[in-house]
Asker: 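Have a look at this one.
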Number of protein chains: 2
Amino acid sequence: MNNRAEERRKQVLRATLQAICDKGFSAVTLQDIADYADVSKGVISYYFKNKEDVFYHLLEWMTDRIFQSEYAAIQKESNAIDKMRAYVNAAFKNPEDNRIFYRVYLEFLAQVNQNERFREVNNTFYKNCWFIGSEIIQKGKSEGIFTNVEIESGSHMIRALIDGCLLQWLMRDDETLHSYYRDNCYETIITYLNNKKS
Amino acid sequence: MNNRAEERRKQVLRATLQAICDKGFSAVTLQDIADYADVSKGVISYYFKNKEDVFYHLLEWMTDRIFQSEYAAIQKESNAIDKMRAYVNAAFKNPEDNRIFYRVYLEFLAQVNQNERFREVNNTFYKNCWFIGSEIIQKGKSEGIFTNVEIESGSHMIRALIDGCLLQWLMRDDETLHSYYRDNCYETIITYLNNKKS
DNA sequence: AGTTTTATTCTGTCCGGTCAAATTTTTATT
DNA sequence: AATAAAAATTTGACCGGACAGAATAAAACT
């Protein structure tokens with residue numbers, strides 16, 4: 001069935017994610033992916049054009065999952081402050097899985113300069129992130145807060161801080177820092193959004 | 001002479017920097033480095049233990065240069081606000097060269113999980129960055145400003161925002177955005193540091 | 001001449017992608 | 001339902017090419 005193909009593809013992508021996390025982007029071979037997925041090498045070529053194609057679809061799948069999860073989180077809340085909290089929480093949720101995700105995402109980021117298709121996927125992801133930020137700021141403005149923040153640049157700065165915090169957290173191999181960065185990230189953003197111009 | 005050796009090493013490192021920027025970390029071969037440096041492959045083996053050793057020394061050299069340049073910049077200024085401005089300016093100075101630098105630095109960051117020595121170099125770099133942030137916040141406190149910011153977490157957030165902005169700037173291939181990110185990064189940090197707790 | 005430095009060649013390893021054969025699944029026929 | 005035929009999927013051996021590092025040769029310097 002068509003279903004089988006879809007299942008296999010997912011299986012290969014999940015295997016690739018784990019393989020990259022363990023061995024690093026450039027060290028992963030087709031054989032590694034096949035081993036992690038418990039299939040033979042030929043299966044990968046059967047369902048994907050080539051290795052680059054596997055990576056491309058993995059990046060697409062990952063960034064889409066991150067966005068969907070973050071967007072769903074803010075939609076559950078009704079006011080701007082809660083939405084902001086939910087946004088940061090979503091970015092930092094699930095420490096163990098998240099670490100794998102962002103570790104691999106970072107490897108992709110490094111590849112973006114060498115690969116036009118990766119760049120396009122990432123640009124879409126950025127636009128989605130900024131969209132979330134814009135929605136929150138706009139909601140805040142409609143509530144009479146966040147009055148001194150520009151929507152566009154504000155949404156850029158929000159994502160910059162989230163990414164910067166995630167990066168630092170990723171680089172410091174200490175699980176206790178997870179909530180530290182999550183909470184400080186949130187507090188810092190709120191302070192920035194709430195600023196009263198002097 | 002010893003001098004000649006030092007010169008050759010620098011030459012190889014500079015070539016490696018350029019090669020990684022053009023071709024990507026994992027694609028760079030010893031032959032590439034030799035070609036960029038206008039020497040033969042043997043030279044590299046003569047001055048470095050192996051390819052990984054070249055990369056290690058390059059990372060060390062790069063992160064040290066970034067720190068030295070940023071630290072020198074804040075020392076030229078006398079008050080906290082000016083220091084902060086100088087810090088951000090230093091991080092964003094020299095768009096073209098900087099792009100190469102940070103592009104390659106990003107590739108190293110992605111490798112950090114696979115390489116203990118890289119991780120150590122980067123940890124040192126982070127500590128240096130946080131040190132700069134701490135100095136600025138402390139100076140501010142001694143001037144009676146930045147009163148509501150903790151020194152440690154504040155220095156973490158400052159670097160997180162700088163890195164996040166640099167990352168976004170790097171990913172968006174538009175030279176006009178350089179001053180946009182530099183200025184917004186600075187404004188956002190100052191807003192955060194100056195916050196009046198309600 | 002002897003030593004250091006540079007250039008070239010060699011060698012063993014590994015990898016991505018292919019493909020023909022084997023296996024499994026689906027469809028058609030009786 | 002049983003069987004046969006066809007289609008889809010899976011396998012792993014294989015090939016050509018690329019690379020790191022070693023070995024060797026040549027040149028430059030002292």
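Here is the naming used below: chain letters follow the sequence lines, and residue numbers restart at 1 for every chain.
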Asker: Rounded to the Å, how far apart are B/Ile44 CD1 and D/dC19 C1'?
Answerer: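 Distance check: B/Ile44 CD1 to D/dC19 C1' gives 13 Å.
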
Asker: Could you state the CG-P distance from B/Asp32 to D/dA18, rounded to the nearest angstrom?
Answerer: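 It works out to 13 Å between those atoms.
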
Asker: Give me, pair by pair, the N or O atoms of the protein and of nucleotides 7-10 of chain C that are less than 3.5 Å apart, along with how far apart they are.
Answerer:
{"from": "C/dA7", "atom 1": "OP2", "to": "B/Ser40", "atom 2": "N", "distance (Å)": "3.1"}
{"from": "C/dA7", "atom 1": "N7", "to": "B/Ser40", "atom 2": "OG", "distance (Å)": "3.4"}

Asker: Is it true that A/Gln68 and A/Arg65 share a donor-acceptor pair across their side chains at a distance under 3.5 Å?
Answerer: no

Asker: Can you tell me how far P of C/dT6 sits from OH of B/Tyr46, to the nearest Å?
Answerer: 8 Å

Asker: Reckon B/Val54 touches a base, only the sugar-phosphate, or nothing at all at heavy-atom distances under 4.0 Å?
Answerer: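 Counting heavy atoms under 4.0 Å across all strands, no contact is made by B/Val54.
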
Asker: CG of A/Asp35 versus P of C/dG16: gap in Å, rounded?
Answerer: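 The answer, rounded to whole Å, is 12 Å.
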
Asker: Rounded to the nearest Å, what distance is computed from the CD1 atom of residue A/Ile33 to the P atom of nucleotide C/dG16?
Answerer: 8 Å

Asker: So A/Ser45, base contact, sugar-phosphate only, or nothing? Heavy-atom distance under 4.0 Å.
Answerer: base

Asker: How close or far is atom P of D/dG21 from atom CG of B/Asn50, stated in whole angstroms?
Answerer: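 Atom CG in B/Asn50 sits about 5 Å away from atom P in D/dG21.
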
Asker: Look at the rings of A/Tyr180 and B/His156 and say which category their plane angle falls in: under 30° parallel, 30 to 60° tilted, over 60° perpendicular.
Answerer: perpendicular

Asker: Enter the distance from A/Thr188:OG1 to A/Ile162:CD1 here, rounded to the nearest 0.5 Å.
Answerer: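 With rounding to 0.5 Å, OG1 (A/Thr188) is 11.0 Å from CD1 (A/Ile162).
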
Asker: Identify the nucleotide, in any strand shown, that forms a Watson-Crick or G-U wobble pair with C/dT30, with both distances under 3.5 Å; if there is none, say none.
Answerer: D/dA1

Asker: May I have the distance from B/Gln11 (atom CD) to C/dT5 (atom P), rounded to whole angstrom?
Answerer: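 Atom-to-atom, B/Gln11 to C/dT5, this comes out as 14 Å.
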
Asker: Report the relative orientation of the aromatic rings in B/Tyr105 and B/Tyr102; use parallel for angles under 30°, tilted for 30 to 60°, perpendicular for over 60°.
Answerer: perpendicular

Asker: Would you say A/Phe25 ends up clustered with A/Tyr36 if hydrophobic residues are merged whenever their side chains have heavy atoms under 4.5 Å apart, either directly or through other cluster members?
Answerer: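 No; A/Phe25 is not reachable from A/Tyr36 via cluster members.
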
Asker: At under 4.0 Å between heavy atoms, what does A/Phe48 touch on the DNA or RNA strands: base, sugar-phosphate, or nothing?
Answerer: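 Nothing, no nucleic acid heavy atom in range.
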
